[in-house]
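Remarks on the structure that follows.
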Amino acid sequence: MKLVPIAFLLLLSGFFYCCSTQHKSAGKTNKALLDTIHRNWSHAATQYKHMTTILPEGRFPKTFYEQTGKLETSNSGWWCSGFYPGSLLYLYEQTKDAKLLAEANRMLQLLENEKVNTTTHDLGFMMFCSFGNANRLNPSAAYKDILLTSARSLSTRFNPIVGAIKSWDGKPNEFLVIIDNMMNLELLFWATRETGDSSFYKIAVTHAETTIKNHFRPDYSSYHVINYNSASGAVQEKRTAQGFANESAWARGQAWGLYGYTVMYRETKDTRYLNQANKIAQFLLGHPNFPADHIPFWDFNDPAIPETKRDASAAAIMASALLELSSYNDDANAASFYKAAESIITTLSSNKYKAAAGTNGGFLLKHSVGHLPNNTEVDVPLTYADYYFIEAMKRYQEMAKH
Ligand code: GLY
């Protein structure tokens, strides 16, 4: 596709997203939930300001262990490093609390160097959730430069034979792609919109096409990992890394796919992506193992259900995606997706999931699962659970206004 038409398309799609987020909510606005969200903002500001006091200099929060009172942290290279500054910026937007902005700016400085990191596919998470929000709130040449450099670094991992961005570096003949990688494409769409250079757009669309072809089962659940042959592009293996089994539906992976194809539709207006996102949502909401409160078990196919862990992070990602997706639907889907998102936000706002002020290391939510098969980060707070919970509440609030 030529550069000018693509740029024009993207301009239109940006306009569409801007307008679409102003869609009237697909259900009757729930005043009680809006009040809850309003209270959640001040609770969240208190929690995150508490976190600033216990976070060691130069480190990023990862999780917190209540039993030991230990805040686990990472350096800027961990895939989650963008969520904390991103959450601070979302919270600043809601509260106008200058301390939150100052902390966000401090963290952005620590994160900036990752723009040249070509060893990870997670640059979309790391840089768009952080600098993307910073640039949205306060556009600047410096932020744009950081984001464009990040998009270029991410693009170096694209292999045209496989038709995908490499997620994990494996053995020489392996090219590993995980469903999570759909979340990194938003940065590339932004880069084409910003520069008019269609190569970022083409990489994103090609990756999404390859993923539709190989990651999904006929019921629209998805595999976690596809192992491609790096020389031929042939699929060598379909498996899991963080799920219960190769053929199971790992909850967060399903959430990444749902969010990823919702963004694909927003950015391209290709109704095949809308259909894909709708089918994923229908798979989730219609699943016999999906609990009535809409907080999924960590894997839809864990045979121990209901005696196994819930994953608040998957729920939060789903809520945010379902709200946006509801705005693109004009039939029964819209109401069903919107109601499910309301239910998730309501449950996550209850004492069962929302931490009491001053506890949980400053994180908002309890009960997420990072990597259960590895026995790491099981039933703990996680930065991305908070980030997408905050985003879902912001989206709900904005949709209710229109
Ligand atoms: N991207 C890693 C995860 O979802 O755990």
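These figures come from a predicted structure and were not determined experimentally. Values below: all heavy atoms of this structure, side chains included; hydrogens, waters and symmetry mates excluded. First listed ligand is number 1; within each ligand, the first listed atom is number 1.
- Taking the ring centroids of Trp79 and Tyr384, they lie under the 6.0 Å cut-off.
- Of all atoms in ligand 1, listed by their number and element, those nearer than 4.0 Å to a heavy atom of Gln242 are 3 (C), 5 (O).
- Taking the ring axis of Phe283 as reference, the NZ or CZ atom of Lys279 does not stay both within 45° of it and closer than 6.0 Å to the ring centre.
- Scanning the protein for heavy atoms near atom 5 (O) of ligand 1, the closest one is Arg252 NH2, 2.6 Å.
- Taking the six-membered ring wherever Trp is involved, the centroid distance between the rings of Tyr48 and Phe363 does not fall below 6.0 Å.
- With Ile165 as the partner, the side chain to side chain contact (heavy atoms under 4.5 Å, CB included) test is satisfied by one option alone out of Leu185, Asn184, Asn159: Leu185.
- For atom 2 (C) of ligand 1, the closest non-hydrogen atom of the protein is Asp180 OD2, 3.1 Å.
- For Trp256, a nitrogen or oxygen atom sits less than 3.5 Å from a nitrogen or oxygen atom of ligand 1, counting backbone and side chain alike.
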